[in-house]
Protein chains: 2
Amino acid sequence: MKKLIIAAIITGMAVGANAQMVTSESIQQAEFTPENEAKTPIDYRKWIFIGSPLTPNALNDGAAAFPEFHNVYVEPSAYEHFAKTGQWAEGTQIAKELALIYQNDNDELGATYEVSGHGYQQGEFNGLELLVKDNARFPEMPGGWAFFSFGHHAPPYAKTSAAFPADSCNACHADNAETDFVFTQFYPVLRSLQK
Amino acid sequence: MKKLIIAAIITGMAVGANAQMVTSESIQQAEFTPENEAKTPIDYRKWIFIGSPLTPNALNDGAAAFPEFHNVYVEPSAYEHFAKTGQWAEGTQIAKELALIYQNDNDELGATYEVSGHGYQQGEFNGLELLVKDNARFPEMPGGWAFFSFGHHAPPYAKTSAAFPADSCNACHADNAETDFVFTQFYPVLRSLQK
């Protein structure tokens, strides 16, 4: 009987949590293996681009946490939901493809001199990551956000990926990202939707 | 009679040039005013992102030719044509939206220290440009590419724009861009289609 009551309380909590989820049947869902590994997204380069942060190794003592350009994309149906509501729906997918800084006799800043000036251009692709908000599938992840990497190297990327442990990514995103684990402060495309 | 012969030669040359054009009825065309000014593209942020060159003022004696992040997008039907053929079809539209470097007590490199490291993030939008390949409409432009600016400032942008004179942009693109006036060397998304 005691177990039943506890189960009822837990179920009640879960229902309560679910009630606060932003749900939409129209959100394109990521695909997963039976082991809950995410499958590599298809056509993510046709998703909605939102920004490209750049923290070169040369500006970070040779060891930047994220040395490449990050091309960040939101899956279109999740983007439309965010545009309408300002919230990330359950099922939201955000892809991040890494592009090395263009290599052409890079200088002490890791930059090159091109016809357009001294600075940074995108070279070769070097990795693919995916962020999925899915509280039902990943109840242990803060905010329901699960982070995946399909390889930190040139394509082809891995076909599946297990989620990073919650403490690898979520804590920093929770503490520093402005809008539900997403760094909207660095994504003018998203900020323009919030105005 | 002499005039007629010259006209015939010119017409013949034009027909010859037309024969080499890459045409496709399926390419989404830009809109123009009766005065041949381009109208501001709609939904260009949903086009296919191809790259984001960055040449900060701080790295260019305070006066970069292009000091902002350039978010460059190809209109989807033109992108599909390029993916299939490796060529830019007549009617191809490429948009370039400028985003100021994120302002947060920027240092001598114009960069900031954020939780992800020392570098560059996208701040506020600061301009919109459009590149259209249309030999029929702009026969005087090398490669048929016409360049437009809808303002070098924060949105809202201008609703129409006259083309820049041919010598403002085309010469540099003709001399330095790898693929028919487009800098594919800096756009890994496009290079991946050429492999």
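Throughout, protein chains are lettered first and strands after them, A, B, ... in sequence-line order, and every chain is numbered starting at 1.
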I'd like to check [X] versus [Y] (side-chain heavy atoms, cut-off strictly below 4.5 Å). Are they in contact?
X      : Y      : answer
A/P188 : B/E97  : no
B/K46  : A/Y79  : yes
A/E114 : B/F186 : yes

Of the non-hydrogen atoms in B/E124 and A/R191, which two are nearest, and what is the gap between them? OE2-NH2, 3.1 Å
Closest non-hydrogen atom pair, A/F125 against B/V189: CZ-N, 3.6 Å
Against chain B, label A/Y120 side chain, backbone, both or neither, depending on which of its atoms sit under 4.5 Å from a heavy atom there. both
Tell me, for A/Y113 versus chain B, whether the close heavy atoms (under 4.5 Å) come from the side chain, the backbone, both or neither. neither
Contact list (residues 49-71 of chain B to chain A, heavy-atom gap under 4.5 Å, by number) returns B/F49, B/G51, B/S52, B/P53, B/L54, B/T55, B/P56, B/L59, B/N60, B/A65, B/F66, B/F69, B/N71
Joint hydrophobic cluster, [X] plus [Y], side-chain heavy atoms closer than 4.5 Å:
X      : Y      : value
B/L109 : B/Y102 : no
A/I101 : A/V115 : no
A/L131 : A/L190 : yes
B/L98  : B/F183 : no

Examine whether an atom of B/Q185 lies under 4.5 Å from a heavy atom of chain A, and if so say whether it belongs to the side chain, the backbone or both; otherwise answer neither. both
Please state whether the side chain, the backbone, both or neither of B/L100 comes within less than 4.5 Å of a heavy atom of chain A. neither
Tell me, out of A/Y73, A/Y187, A/W47, who's got the most heavy-atom pairs with chain B below 4.5 Å. A/Y73
Go through B/A111, B/G123, B/C172 and name the one with the most non-hydrogen pairs under 4.5 angstrom from chain A. B/G123
